[in-house]
Amino acid sequence: MILNLLTTIAAASVINPNIGINVIDFNQQYIFDVCQITAVEHGIENPEEDQYTIKDLDGNVFVIQTGEKAGFMVYDPIADAFIEKSSTLKCPYVFEAAYDNYYLGPMKYYSRVKDTFYSLGFQGDDLNLLQATEMQEIFRDQLADFREMTSKENYQAYIAKQNANGKPIKGKIKIGNKTYIDNYEYIRDTNHPHNHDGSCGFVAASIVLNYWDKTVHSGTVLPQYLDPNGELNSTIFSSPSTNLKDKIV
């Protein structure tokens with residue numbers, strides 16, 4: 001399948017840089033191929049051939065891959081790995097010249113107008129420049145952890161190159177202990193059973209089971225614990241027959 005896909009896209013258009021971003025230091029055809037193949041493997045239907053680049057406040061460049069109707073992935077060329085992958089999330093960005101888009105970490109999507117950063121995500125407030133700078137400082141360490149953890153050799157080579165060019169890496173350069181979750185919206189956006197009487201651990205367990213049901217093995221959660229929209233039931237009183245949290249308890 002991969003070989004067939006590579007043959008199909010070999011002559012396709014490569015990355016379309018967003019305004020003000022330079023991608024000449026990266027192998028554009030390789031990035032195009034990796035994003036297209038990974039999108040198909042991840043269940044994104046009809047991956048768009050147009051891929052866009054986006055930046056953070058440190059000047060890091062990331063590549064955005066989307067699907068025709070849904071699907072959103074953020075690829076880091078330095079780590080040669082994806083920071084975010086979702087087959088159902090729609091791209092929050094509009095890639096037109098009038099938009100100065102920024103990526104300040106997972107689920108932190110912004111469009112900048114002068115010194116105001118307007119939130120494009122489902123959660124989060126608009127930021128001023130100072131707040132955006134503080135958020136960048138957090139993302140800087142997260143990104144260092146991600147690069148070290150996913151591609152230590154590539155990252156160390158990048159650090160050496162930056163040092164040789166007189167552009168040392170800001171923030172820590174240290175392996176972290178973080179887990180990046182695909183299709184995270186099933187956790188972030190899910191309805192969940194009501195948390196009462198110290199039942200938060202059981203609520204969390206039901207959310208994890210629901211995530212597995214939606215992404216790994218359909219049928220993990222029995223229909224009796226789901227509402228007509230496929231979300232977890234929540235009941236005021238204990239109901240082990242319809243409330244997954246109460247069943248776990």
Side-chain angles (χ1 to χ4, degrees), residues 38-47 62 64-76 79 81-93 103-110 119-127 135 138-139 141-143 145-146 149-150 175-249:
T38 304
V40 171
E41 292 178 340
H42 195 61
I44 294 178
E45 296 184 3
N46 301 321
F62 310 98
I64 304 296
Q65 173 71 60
T66 62
E68 182 178 15
K69 295 182 179 179
F72 175 72
M73 303 194 308
V74 182
Y75 172 81
D76 178 20
F82 292 87
I83 300 175
E84 294 191 53
K85 288 189 297 183
S86 172
S87 60
T88 60
L89 184 67
K90 293 185 178 180
C91 179
Y93 295 105
Y103 181 70
L104 300 182
M107 296 185 289
K108 295 180 174 62
Y109 322 118
Y110 294 91
S119 175
L120 306 176
F122 301 97
Q123 299 176 355
D125 298 323
D126 299 338
L127 308 175
M135 184 171 290
I138 296 172
F139 180 46
D141 286 348
Q142 292 174 335
L143 187 60
D145 285 341
F146 173 75
M149 183 169 54
T150 56
I175 189 165
N177 185 23
K178 296 181 175 64
T179 300
Y180 293 81
I181 300 174
D182 292 342
N183 294 312
Y184 49 83
E185 66 273 12
Y186 288 120
I187 295 176
R188 180 194 63 194
D189 300 334
T190 187
N191 293 331
H192 55 76
H194 184 61
N195 178 11
H196 58 83
D197 296 332
S199 61
C200 56
F202 301 103
V203 172
S206 66
I207 292 174
V208 171
L209 289 172
N210 183 60
Y211 174 80
W212 287 346
D213 180 73
K214 298 295 191 298
T215 63
V216 179
H217 188 275
S218 178
T220 300
V221 177
L222 297 177
Q224 67 200 60
Y225 299 112
L226 302 174
D227 67 18
N229 295 320
E231 299 286 350
L232 290 170
N233 288 326
S234 181
T235 55
I236 298 176
F237 301 103
S238 178
S239 177
S241 62
T242 61
N243 188 315
L244 181 59
K245 180 207 67 177
D246 294 336
K247 177 65 175 179
I248 296 172
V249 173

Quiz prompt | Asn233 (side chain) donor-acceptor with Gln224 (main chain) under 3.5 angstrom | solution = yes
Practice problem: Using the test salt bridge (charged side-chain N to carboxylate O under 4.0 Å, His left out), find all partners of Asp76 that sit at least two apart in sequence or belong to another chain. | Solution: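 For Asp76, the residues satisfying salt bridge (charged side-chain N to carboxylate O under 4.0 Å, His left out) (neighbours in sequence not counted) are Arg147.
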Quiz item: If you look at every heavy atom in Leu244 and Val221, which pair is closest and at what distance?
Solution: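 What the structure gives for the nearest pair is CD2-CG2, 4.0 Å.
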pair [X]-[Y]: side-chain heavy atoms closer than 4.5 Å:
X	Y	answer
Tyr211	Val208	no
Glu231	Leu226	no
Ser119	Asp125	no
Pro47	Gln65	yes
Met135	Leu127	yes

Practice problem: Please name all residues satisfying ring pair (Phe, Tyr, Trp, His ring centres under 6.0 Å) with Tyr103, sequence neighbours left out, ordered by chain then number. | Solution: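 Here the qualifying residues are Phe62, Phe139.
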Practice problem: Applying ring pair (Phe, Tyr, Trp, His ring centres under 6.0 Å), name anything that partners Tyr93, two or more places apart in sequence or on another chain. | Solution: Phe95, Tyr109
Self-check item: Spacing of Leu143 atom CG and Ile83 atom CD1 [to the nearest 0.5 Å]
Solution: 5.5 Å
Quiz prompt | From Ser206 atom OG to Asp213 atom CG, the distance as rounded to the nearest 0.5 Å | solution =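 Rounded to the nearest 0.5 Å, the OG-CG separation comes to 12.0 Å.
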Quiz item: Please walk me through it: do Glu84 and Phe72 pass side-chain contact (heavy atoms from CB on, under 4.5 Å)?
Solution: CA-CA 8 Å; Glu84 294 191 53; Phe72 175 72; 4.1 Å; yes
